> 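I am attaching a structure below and will ask some questions about it afterwards.
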Amino acid sequence: MSGNAEAQWNPLGVIRVTCHNCDTLSAVKRRRRTAAPSLLGRLDAADRSEDFEGLRATVNVIDVELRLTSPQWQQTGPSGGTAESLWVRCDTSCPDPTDPEVLASHPGRLTAIRISDDEVVLAQDRLRSWPLFWALENKADGGRRLIVSDDATAMRGALSAPRLDPRARREFLDAGFISGTDTLLAGVHQTEQGTIVRIDRATGRTRTVNHSLARFSEESDMVTDPEEFSGLLLAALDAGMGRVLEDLAARPGSPRLVLPLSGGLDSRLLAVWLKRHGARNVVAFTYGVPGSAEVAISRGVAEALEMDWFTVDLDPAEVARTWAGPDGVGFQKRTWGLTSLPHVQDWYALLQMRRKALIDTDAVFLPGHTIVGNMHDEHLLEGRPSRNDVLAAVARHHSLLQGDRNAWRHLPLLRRAVMQGAQEVSFPTRRNEDLAGSGRSIQELLEWVNLQERQAKYINESLKAYEAFGYGWALPMLDTELWRTWLRGSEELTATRDWYAQFTAEVYGEATGTASQLFEAPAARIPAGPRRALMAALTVTGTRTALARAVSMRTMLHHPMAFEAFNAPMPRSEQILRMARGAASTGLWTRLFLDGTWGAEPVAP
């Protein structure tokens with residue numbers, strides 16, 4: 001670097017950015033910058049300086065300390081006569097990676113840090129591909145420092161006295177992630193998906209702009225015709241997938257594309273696209289307990305599409321034994337991210353792929369995480385719910401891991417995030433406001449909070465699993481084109497996955513000449529009419545909840561993907577008791593993780 005900023009790398013990988021427009025004569029070496037007195041209010045005479053022409057006030061400038069662990073960061077020095085420095089991690093070059101208007105339409109993955117004498121700007125893409133953490137701390141010399149890191153362990157190690165935030169701990173237990181900008185560590189913040197965070201180096205105050213809100217189109221731009229919407233969705237997929245293939249072709253050796261092929265819709269749609277476009281060097285895979293229905297369906301889809309395919313068999317006892325060893329705790333440390341429970345679903349399969357060299361080390365995974373289907377509590381669209389009913393339903397949906405339907409009442413961070421989400425999508429937040437229009441505003445709120453919170457912080461964090469084993473990944477079904485296209489669909493087309501399921505079945509049938517078979521829970525195989533009658537009868541007799549819980553417990557204790565293996569550190573009797581009270585498998589895992597008993601050693605602070 002040159003000019004007015006200087007980057008210093010030490011053996012620990014810490015970058016300290018020093019402002020050269022500072023008064024460095026002070027014995028405590030505080031960084032300073034000049035500012036007009038009128039902007040600062042009244043100052044004591046001792047705080048005044050005449051180092052520059054005219055009377056100026058000097059204020060402490062917050063030091064910046066970067067702790068970046070990824071070798072993929074690229075750093076550029078000042079340009080255009082400025083003292084700014086820029087660090088970028090991306091796979092598609094961007095003309096201005098901290099401009100919200102530019103990022104709103106920028107495709108692919110991107111995280112950026114811009115540092116000037118006045119402010120630090122943190123930019124996050126809509127995928128939350130590589131989140132950043134930051135914290136302000138007081139220094140012994142009376143100044144302050146801003147720590148920014150891309151790694152949970154590095155961030156914790158940089159803090160003077162890291163401590164657990166009790167509010168965040170409670171939310172983590174019930175939700176599996178921390179909503180808003182908070183993290184498990186008190187005073188440490190996270191970047192949210194699709195945001196620009198500006199941190200003033202004089203005051204430490206922050207301003208946040210969201211450049212990728214999930215707002216449905218106005219009526220004039222809304223698509224209501226299913227055939228037209230199908231064409232637009234395929235065109236959006238063409239753009240996103242085409243970019244993925246172009247990127248792979250440009251890499252040395254053209255890395256292999258690996259498709260996690262489940263029994264569901266999203267991975268099947270990606271498989272069909274790859275088949276229709278003649279993509280080469282592609283392999284699909286799945287994993288599960290031998291004989292599971294999902295493995296059989298995955299194999300059938302791969303055979304119908306004439307796609308290379310393999311499976312990783314899961315033995316619950318072996319998975320549990322391995323999880324209890326160094327491989328398990330190492331994975332937790334690399335993937336917990338201060339914000340969410342480590343996403344363990346793919347872990348054992350990836351471990352076996354790596355150990356047995358089932359795929360190349362430079363392989364790129366193509367999971368089906370998507371903007372489609374983020375709706376929940378669809379019944380709210382049919383009735384006339386109150387504003388409070390809707391807000392409570394959103395908070396409740398994200399806090400059920402322990403089975404407590406009222407847990408949300410004790411989670412201030414989650415309630416604040418729901419209210420903030422409501423303000424961002426113009427959903428009524430004042431007590432006397434009525435719900436305007438149709439169920440569209442309800443759908444918009446439910447999907448937006450789900451996208452910004454659980455999707456971005458827990459589901460998308462599963463991508464850390466690929467990175468933990470040295471693999472790459474791409475998410476075309478959450479990228480710009482598909483995002484914008486889906487938000488043009490009418491309520492009838494997007495409020496449930498019904499239209500999307502039919503759309504996927506049709507393109508699958510065209511590609512294979514066979515009917516689309518999906519993995520379904522046993523209850524879902526009962527025709528809709530008899531199923532509704534059965535549920536009504538069970539409700540009247542008071543047995544519906546008990547029966548549903550019994551079925552759920554049986555599945556959790558004998559899961560087709562061996563999830564019970566991760567329950568093993570908890571006594572079986574306690575597992576059953578907590579499940580009987582409504583806890584999910586993930587709820588057992590959050591408890592074990594926070595207690596420090598989920599693996600060979602504690603990972604959480």
Side-chain angles (χ1 to χ4, degrees), residues 111 124-135 149-156 162 164-186 188-195 323 328-347 350 367 369 374 394-395 397-402 407-408 411 413-414 416-418 421 449-468 473 475 478 563 566 583-596 598-599 602-605:
T111 301
Q124 189 68 70
D125 61 356
R126 73 179 72 242
L127 307 178
R128 198 170 176 269
S129 301
W130 304 296
L132 294 170
F133 307 104
W134 60 273
S149 181
D150 60 352
D151 180 79
T153 301
M155 187 72 207
R156 180 172 57 185
L164 193 66
D165 184 333
R167 300 174 307 163
R169 186 190 190 281
R170 174 63 195 269
E171 181 168 313
F172 189 97
L173 184 68
D174 288 304
F177 59 86
I178 310 301
S179 57
T181 62
D182 291 274
T183 69
L184 274 173
L185 289 174
V188 177
H189 303 275
Q190 59 176 309
T191 52
E192 296 190 276
Q193 65 85 223
T195 56
W323 181 251
V329 73
F331 179 79
Q332 289 187 55
K333 289 180 178 180
R334 291 192 296 271
T335 61
W336 71 293
L338 282 179
T339 303
S340 61
L341 185 74
H343 206 286
V344 299
Q345 181 171 318
D346 298 337
W347 165 74
L350 291 170
H369 305 337
N374 280 279
V394 177
H397 176 77
H398 293 290
S399 55
L400 291 173
L401 295 190
Q402 304 303 326
W408 64 273
L411 305 178
L413 302 181
L414 177 60
R416 184 182 65 188
V418 171
V449 174
N450 200 22
L451 274 168
Q452 189 178 45
E453 299 298 342
R454 186 174 184 274
Q455 175 80 46
K457 294 172 182 173
Y458 180 62
I459 302 300
N460 289 1
E461 282 292 274
S462 66
L463 304 169
K464 286 182 178 290
Y466 304 134
E467 296 181 353
W473 57 269
L475 273 188
L478 259 177
F563 283 179
F566 300 101
S585 294
T586 319
L588 303 186
W589 304 343
T590 57
R591 188 175 297 276
L592 290 167
F593 181 77
L594 290 171
D595 289 346
W598 204 21
V603 173

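Scope of the values below: all heavy atoms of this structure, side chains included, with no hydrogens, waters or symmetry mates. Note that the coordinates shown come from a computational prediction; the quantities given were computed from them, not determined experimentally.
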> Of all residues at least two apart in sequence or in a different chain, which pass the salt bridge (Lys or Arg N to Asp or Glu O under 4.0 Å) check with R128?
E461

> Backbone N or O of A583 within a donor-acceptor pair of the Q402 side chain at under 3.5 Å?
no

> Under 4.5 Å between any side-chain heavy atoms of Q455 and N374, yes or no?
yes

> Tell me, do H398 and V449 make a side-chain contact under 4.5 Å, heavy atoms counted?
yes

> Would you please name every residue forming a salt bridge (Lys or Arg N to Asp or Glu O under 4.0 Å) with R167, sequence neighbours left out?
D165, D182

> Closest heavy-atom contact between F593 and L341?
CB-CD1, 3.9 Å

> With sequence neighbours left out, write down each residue that passes ring-ring contact (aromatic ring centres under 6.0 Å, His included) with W408, or none if nothing qualifies.
none

> For the residue pair W130 and E467, confirm or rule out a side-chain donor-acceptor distance under 3.5 Å.
yes

> Closest approach of P166 and L164, non-hydrogen atoms and distance?
CD-O, 3.4 Å

> For residues E171 and S179, is any side-chain donor paired with an opposing acceptor at under 3.5 Å?
yes

> Can you sort out the partners of S399 under side-chain hydrogen bond (donor to acceptor under 3.5 Å, both in side chains), two or more places apart, ordered by chain and number?
none

> So does L132 get a backbone contact from the side chain of T191, meaning a donor-acceptor N/O pair under 3.5 Å?
yes

> To the nearest 0.5 angstrom, please state how far the OH atom of Y466 sits from the CH2 atom of W473.
10.5 Å

> Any side-chain heavy atom of Q193 sitting closer than 4.5 Å to one from L127?
no

> Go through the structure and list residues passing side chain to side chain contact (heavy atoms under 4.5 Å, CB included) with Q345, not counting sequence neighbours.
Y287, H343, M561, F563

> Output the distance between atom CD1 (I459) and atom CG (L478), rounded to the nearest 0.5 Å.
10.5 Å

> Among all residues two or more places apart in sequence or in another chain, which pass the side chain to side chain contact (heavy atoms under 4.5 Å, CB included) test with P602?
none

> Suppose we screen for side chain to side chain contact (heavy atoms under 4.5 Å, CB included). Which residues come up paired with A135, at least two apart in sequence or across chains?
M155, L159, V188

> Does K457 reach the side chain of I178, with side-chain heavy atoms less than 4.5 Å apart?
no

> Determine the minimum heavy-atom distance between S149 and A154, stating which atoms define it.
OG-CB, 3.6 Å

> Does some side-chain heavy atom of V329 sit less than 4.5 Å from a side-chain heavy atom of V603?
yes

> According to salt bridge (Lys or Arg N to Asp or Glu O under 4.0 Å), who are the partners of D174, at least two apart in sequence or on a separate chain?
R170

> Please list, chain by chain and in numerical order, all residues satisfying side-chain hydrogen bond (donor to acceptor under 3.5 Å, both in side chains) with S462, sequence neighbours excluded.
H369

> With heavy-atom distances below 4.5 Å as the criterion, would you say the side chains of F133 and T183 are in contact?
yes

> Going by side-chain hydrogen bond (donor to acceptor under 3.5 Å, both in side chains), name the residues that satisfy it together with S129, two or more places apart in sequence or in a different chain.
D125

> Would you give the length of the straight line joining atom OH of Y458 to atom CZ of F177, rounded to the nearest 0.5 angstrom?
10.5 Å

> Could you tell me if the side chain of L475 sits less than 4.5 Å from the side chain of N460, heavy atoms only?
yes

> Just wondering, do E453 and L414 contact through their side chains at under 4.5 Å, heavy atoms?
no

> Please identify each residue that fulfils side chain to side chain contact (heavy atoms under 4.5 Å, CB included) with L594, with sequence neighbours left out.
R169, F172, L173, L184

> Got a list of side-chain donor-acceptor pairs under 3.5 Å for residues 331-338, not counting sequence neighbours?
{"residue": "K333", "atom": "NZ", "partner": "E601", "partner atom": "OE2", "Å": "2.8"}
{"residue": "T335", "atom": "OG1", "partner": "F331", "partner atom": "O", "Å": "2.8"}

> Rounded to the nearest 0.5 Å, what separates atom OG1 in T195 from atom CD in Q452?
8.0 Å

